[in-house]
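Below: the structure, in structure tokens.
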Amino acid sequence: MPELPEVETVVRGLAKHILGQKIKDVKILHPRSFVWDKSMGPTKPNITNLTVENISRRGKGIIINLSKDLSILIHLKMTGQLIYVEGKSRLNFGHPDSNFVSQMPSRHTRVIITLTKGILYFNDQRLFGWVKVISTQEIPNDKFIKNLGPEPFDTNFNLKYLWPILKRRAKSNIKSIIMDQSVVTGVGNIYADESLFLSGLKPTKAGVKLTQQQAADLIDNIQKVLTKGIKYMGTSISHYKTDQGSSGKMQNHLNVYGRKGLPCKNCGQPISKTKLNGRGTHYCHSCQS
DNA sequence: TGCCCCCTGCAG
DNA sequence: CTGCAGGGGGCA
């Protein structure tokens with residue numbers, strides 16, 4: 001899925017377009033994709049006529065606050081998309097981005113939320129993602145939200161915080177540590193590989209073996225790579241699209257991810273790809289140790 | 001704290 | 001046909 005930069009891009013786009021709009025209708029095309037918090041009782045909550053008051057992000061989760069103290073929590077997981085189409089048109093001709101998702105609903109549309117001025121489509125090929133209705137005050141107790149560590153740009157994601165974790169998780173490789181959402185939120189497979197490349201660290205390196213300087217640099221590089229990802233509106237390699245249905249541009253600026261066999265942009269040696277923690281893992285054999 | 005699993009679809 | 005895909009929950 002979308003990692004932090006992709007989710008942040010979607011959140012910023014939605015904030016620009018749907019704030020203040022009222023929900024006119026909700027259509028559920030696949031029951032797996034639409035759930036609600038157990039505190040809401042056994043029957044499907046009705047969110048029609050509620051107003052979109054705020055949109056934010058926590059880790060890779062999207063939080064849409066509605067009126068009447070209700071909220072929608074959304075996780076895109078691997079293949080989720082949230083696409084907003086202004087007006088009632090189903091087709092969008094002449095869009096400048098050739099990768100624009102031209103027809104909504106698509107084959108993988110799971111939930112359709114009709115708003116006052118447009119329609120919000122939740123698409124999800126693999127059905128791992130979800131749209132969850134929850135009372136706003138219950139959000140901190142949500143299973144997904146509760147487990148999240150600090151945001152990567154939060155000042156308390158610092159060496160003093162990370163160092164003891166590296167010491168404690170003595171057997172864990174550094175990639176699995178930075179991808180653990182309870183350690184720091186928002187880093188997924190692409191940006192983990194990219195930040196480890198910038199740090200000159202092999203993904204398999206034991207976290208406990210990092211020096212304090214390396215750990216501090218890693219924090220810095222995680223922030224740098226995520227900032228760059230946001231600047232380029234995310235990485236569109238397979239399913240990710242912005243809220244406007246266009247592709248991100250960060251795939252053109254990656255150093256290692258998806259570059260197996262291509263020359264390292266630093267030393268020219270071919271980029272290696274292996275499997276680590278069950279995930280495809282890219283690195284430069286010569287620049288990272 | 002690793003590993004299997006949830007799914008669909010596409011490349012090899 | 002098998003393996004793989006940007007996530008994370010539940011389970012030893």
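Quick caveat, the model's predicted, so the values are computed rather than measured. In the text below, chain A, chain B and the rest are named by the order of the sequence lines, each starting its count at 1. For the numbers below, each heavy atom of this structure counts, side chains included, while hydrogens, waters and symmetry mates do not.
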[X] side chain to [Y] side chain, donor-acceptor N/O pair below 3.5 angstrom:
X	Y	result
A:His282	A:Glu194	no
A:Gln251	A:Thr235	no
A:Asn189	A:Lys175	yes
A:Ser176	A:Ser172	no
A:Asn123	A:Thr109	yes

**Asked** Pairs counted as Watson-Crick or G-U wobble with both distances under 3.5 Å: what dot-bracket string results for DNA chain C, using | for bases tied to another strand?
**Response** |||||.||||||
Whole angstrom is fine here: how far is it from [atom1] in [X] over to [atom2] in [N]?
X	N	atom1	atom2	answer
A:Gln81	C:dG7	CD	C1'	16 Å
A:Lys260	B:dA11	NZ	C1'	13 Å
A:Tyr240	C:dG7	OH	C1'	16 Å
A:Ile178	C:dG8	CD1	P	14 Å
A:Ile237	C:dC4	CD1	P	17 Å
A:Ile145	C:dG7	CD1	C1'	14 Å
A:Phe144	C:dG9	CZ	C1'	11 Å

**Request:** Would you indicate what A:Tyr191 reaches in the nucleic acid, counting non-hydrogen atoms under 4.0 angstrom: base, sugar-phosphate, or nothing?
**Result:** nothing
Side-chain N,O ([X]) to OP1/OP2 ([N]) below 4.0 Å:
X	N	value
A:Lys143	C:dG8	no
A:His75	C:dG7	no
A:Arg279	C:dA5	no

**Message:** Using the side-chain heavy atoms of A:Lys273, tell me which of these nucleotides is nearest: C:dG7, C:dC4, C:dG9.
**Reply:** C:dC4
**Prompt:** Do NZ/NE/NH1/NH2 and the carboxylate oxygens of A:Glu151 and A:Arg58 come within less than 4.0 Å?
**Reply:** yes
**Asked** What distance, rounded to whole Å, do you find between the two P atoms, one in B:dC4 and one in C:dG3?
**Response** 14 Å
**Request:** Rounded to whole angstrom, note down the P distance from B:dC7 over to C:dG10.
**Result:** 14 Å
**Prompt:** Knowing that exactly one of A:Thr79, A:Val111, A:Leu76 qualifies, which makes a side-chain contact (heavy atoms from CB on, under 4.5 Å) with A:Asp124?
**Reply:** A:Thr79
**Message:** Protein within reach of the bases, or only the backbone? For nucleotides 1-10 of chain B, mark each nucleotide 5' to 3' as B, S or -, using heavy atoms under 4.0 Å.
**Reply:** SS---BBBSS
**Item:** Geometric class of the A:Phe157/A:Tyr161 ring pair [parallel <30°, tilted 30-60°, perpendicular >60°]
**Value:** perpendicular
**Asked** Under the criterion salt bridge (Lys or Arg N to Asp or Glu O under 4.0 Å), which of A:Lys60, A:Arg57, A:Lys231 is the partner of A:Glu8?
**Response** A:Arg57
